[in-house]
S.K.: 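Could you have a look at this structure, given as structure tokens, before my questions?
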Amino acid sequence: MSNKLRTAAAVGICKAARGALRLLHRGGTTTPGKLAMKVDSNILETVSAGMDIIVVTGTNGKTTTSNMIEHALTASGHDTLANKSGANLLPGVTAEFTSHATAGGRPKQHYAVIECDESALKQVVPKIHPRVILVTNLFRDQLDRYGEVMHTRDEIRKGIEACPDAILCLNADDSLVVSLADHVPNRVVYYGIDVPVGDQKEAEISDARYCIRCGAEYEYTYHTYAHLGGFHCPKCGYSRPATDVAVTAIEKTAMAGSDVQMRIGSDICNVHVGLPAVYNIYNAAGAVAAYTAAGFDRQEIFRGLADVHSSFGRMETFDLDGTHVQMILVKNPAGCNQALAYIAGTGEDYTAVFCLNDRTADGHDISWIWDADFESVCGDPHMVSVMVTGDRAEDMLLRLKYAGLGNRPAEIVRTNSELIDRMKQSSLPVFVLPNYTAMLSLRADLSTITGKGAFWQG
């Protein structure tokens, strides 16, 4: 079979498989890509040839940051492809590009924004040749899959080393991410937050307490959260680099979003971020860094950030027969702590729902819940009642009891339908904190009831 016929066959099989799966109300996010690669092992390189591509990787914030960039590009008239479903391994990325190609395998769009799993970066980026690679942060996550955080960093480095011409946008506040710039020829753009945020608890620095170069304990001029902030090694001098894009002031934070001052080079700009929480300020700074590094107009990304909507399951809201429900994906201690701080800082009474599974996509090791600061919400008088659900609901309830749940009403709910009925009965706002597979399952049921789109629609 000639290369052209092989490419056409791979595209046809991919499109047919995706169409059939979506008729069955399944995502069709990975299987079509696997089938296409079996027919043509080089299909991804073919269907992405000549495109200008931004890749986003890192532990937390990939989906939201990618959404911010894609939204700004699309709203500004740039025809853009994106893997909005979150299928970020090689088969999922392949399926997205191939299903949007012409029958002969030519890309229909010129631009793409792709979120990529940290361990898959080394497989994906040599095939799609991105213009920009953005790394958000590095935290412990799914230890049974990724291993320790240094292993994750090394996996990302392999991807970067395969793309010496890509511009790197690195989080200057993360000592692990900054080290990715060592001994590579790539142009580097650093972004971060130049000011402290809230109170820093010593225990939160556990992911990167010691210098990656000499092993001495870092000192900090300020913190934002976890191990992010103005790090400095007193022994060898390794420290936070100067930033090219930075948040210089946080003027206002609210459930509707944040108002910040942002410096790009020497220019100070006022920026509204239409999503709440500190980690979305980081996501916005990364989005601005990547957008401008790729050569696009900063005003486009500013407009996009102002009216960006939450990605599926990430700060997503639902109106459930008059009950305000907000879903916040949590999957590791650092991200969970920020979600807990957000709901504990609303200042209004609420019901909290915690959903914990231990399936393959979540990581089978749930010990991370003991490192998360559930004490912050259990000590919050505004948390009126609690529900827990999922495969490991009993473990979640035990963790809450040790965190100081006390005599608050708390119940284990076994099914999504029962949980939705309970939430409908709530006279208070409901915050739902699920891990990944629990989020997908519950979101599907909530979307059916409230008329939202499927997860692969972003």
Side-chain angles (χ1 to χ4, degrees), residues 18-30 32 63-64 66-68 70-75 80-88 92 95-96 99-100 113 115 254-257 273-277 280 304-330 339 342-343 346 348 350-355 357 361 387 389-390 413-458:
R18 172 169 281 197
L21 288 167
R22 291 193 171 172
L23 282 174
L24 296 172
H25 302 288
R26 296 173 61 187
T29 54
T30 58
T63 301
T64 301
S66 298
N67 179 45
M68 289 173 169
E70 184 274 333
H71 173 67
L73 284 170
T74 300
T80 307
L81 178 150
N83 54 338
K84 293 183 180 182
S85 69
N88 56 21
E96 200 64 47
S99 64
H100 284 87
V113 182
E115 73 158 276
M255 292 181 68
V273 182
L275 296 174
N280 280 319
L305 291 175
D307 65 358
V308 68
H309 299 293
S310 57
S311 306
F312 69 97
R314 284 86 168 168
M315 289 287 182
E316 189 175 13
T317 59
F318 302 85
D319 184 346
L320 194 59
D321 287 354
T323 299
H324 176 83
V325 177
Q326 186 164 39
M327 181 178 286
I328 311 171
L329 174 69
V330 296
Y342 165 71
I343 66 173
T346 60
E348 299 180 1
Y350 59 89
T351 294
V353 179
F354 301 98
C355 314
N357 285 347
M387 290 180 278
T389 189
V413 181
R414 294 298 178 187
T415 67
N416 285 348
S417 59
E418 184 183 358
L419 176 60
I420 289 170
D421 286 341
R422 292 281 198 281
M423 291 193 293
K424 284 180 179 178
Q425 296 167 15
S426 176
S427 61
L428 300 174
V430 179
F431 293 104
V432 183
L433 278 66
N435 63 347
Y436 189 69
T437 63
M439 179 272 290
L440 286 180
S441 173
L442 180 58
R443 188 197 179 276
D445 291 342
L446 283 170
S447 297
T448 298
I449 293 169
T450 60
K452 286 210 171 190
F455 74 92
W456 62 81
Q457 297 171 314

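All values derive from a computational prediction rather than experimental measurement.
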S.K.: Would you please name every residue forming a side chain to side chain donor-acceptor pair (under 3.5 Å) with Asp445, sequence neighbours left out?
M.R.: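 With sequence neighbours excluded, Asp445 shows a side chain to side chain donor-acceptor pair (under 3.5 Å) to Asn416, given in chain and number order.
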S.K.: Are Glu70 and Thr74 close enough that a side-chain donor and a side-chain acceptor fall under 3.5 Å?
M.R.: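 Note: Glu70 and Thr74 side chains meet the donor-acceptor criterion.
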S.K.: Got a sec, which residues hit side chain to side chain donor-acceptor pair (under 3.5 Å) with Thr450, two or more places apart in sequence or on another chain?
M.R.: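 Counting only residues at least two positions away or on another chain, Thr450 forms no side chain to side chain donor-acceptor pair (under 3.5 Å).
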S.K.: Does Thr317 have any side chain to side chain contact (heavy atoms under 4.5 Å, CB included) partners at least two apart in sequence or in another chain, and if so, which?
M.R.: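 Partners of Thr317 under the side chain to side chain contact (heavy atoms under 4.5 Å, CB included) test: His324, Gln326.
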S.K.: Residues in side chain to side chain donor-acceptor pair (under 3.5 Å) with Thr323, at least two apart?
M.R.: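 Listed in chain order: nothing, the list is empty.
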S.K.: Show me the pairs that pass side-chain hydrogen bond (donor to acceptor under 3.5 Å, both in side chains) and involve residues 426-435, at least two apart or across chains.
M.R.: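 Listed once each, the pairs would be none.
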S.K.: Please enumerate all residues that pass side chain to side chain contact (heavy atoms under 4.5 Å, CB included) together with Thr30, with sequence neighbours excluded.
M.R.: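 For Thr30 the side chain to side chain contact (heavy atoms under 4.5 Å, CB included) partners, ignoring immediate neighbours, are Ala87, Pro91.
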S.K.: Quick one: side chain to side chain donor-acceptor pair (under 3.5 Å) partners of Thr80, sequence neighbours excluded?
M.R.: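 Here no residue qualifies.
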S.K.: Quick one: list whatever passes side chain to side chain contact (heavy atoms under 4.5 Å, CB included) with Val432, sequence neighbours left out.
M.R.: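 Checked Val432 against side chain to side chain contact (heavy atoms under 4.5 Å, CB included); matches are Val325, Val353, Cys355, Met423, Val430, Pro434, Leu442.
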S.K.: For Tyr342, which residues count as a ring pair (Phe, Tyr, Trp, His ring centres under 6.0 Å) partner, sequence neighbours excluded?
M.R.: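 For Tyr342 there are no ring pair (Phe, Tyr, Trp, His ring centres under 6.0 Å) partners, ignoring immediate neighbours.
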S.K.: Taking only residues two or more places apart in sequence, or in another chain, which ones meet Arg314 in a salt bridge (Lys or Arg N to Asp or Glu O under 4.0 Å)?
M.R.: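 Arg314 satisfies salt bridge (Lys or Arg N to Asp or Glu O under 4.0 Å) with no residue once adjacent residues are dropped.
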S.K.: How long is the gap from CG on Asp321 to CD1 on Ile449, to the nearest 0.5 Å?
M.R.: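 Here the interatomic distance stands at 8.0 Å.
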S.K.: Ignoring hydrogens and geometry beyond distance, is a side-chain donor-acceptor pair present between Glu316 and Ser310 at under 3.5 Å?
M.R.: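 No.
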S.K.: Any donor-acceptor pair under 3.5 Å linking the side chain of Asn67 with the backbone of Thr63?
M.R.: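 No; zero donor-acceptor contacts below 3.5 Å.
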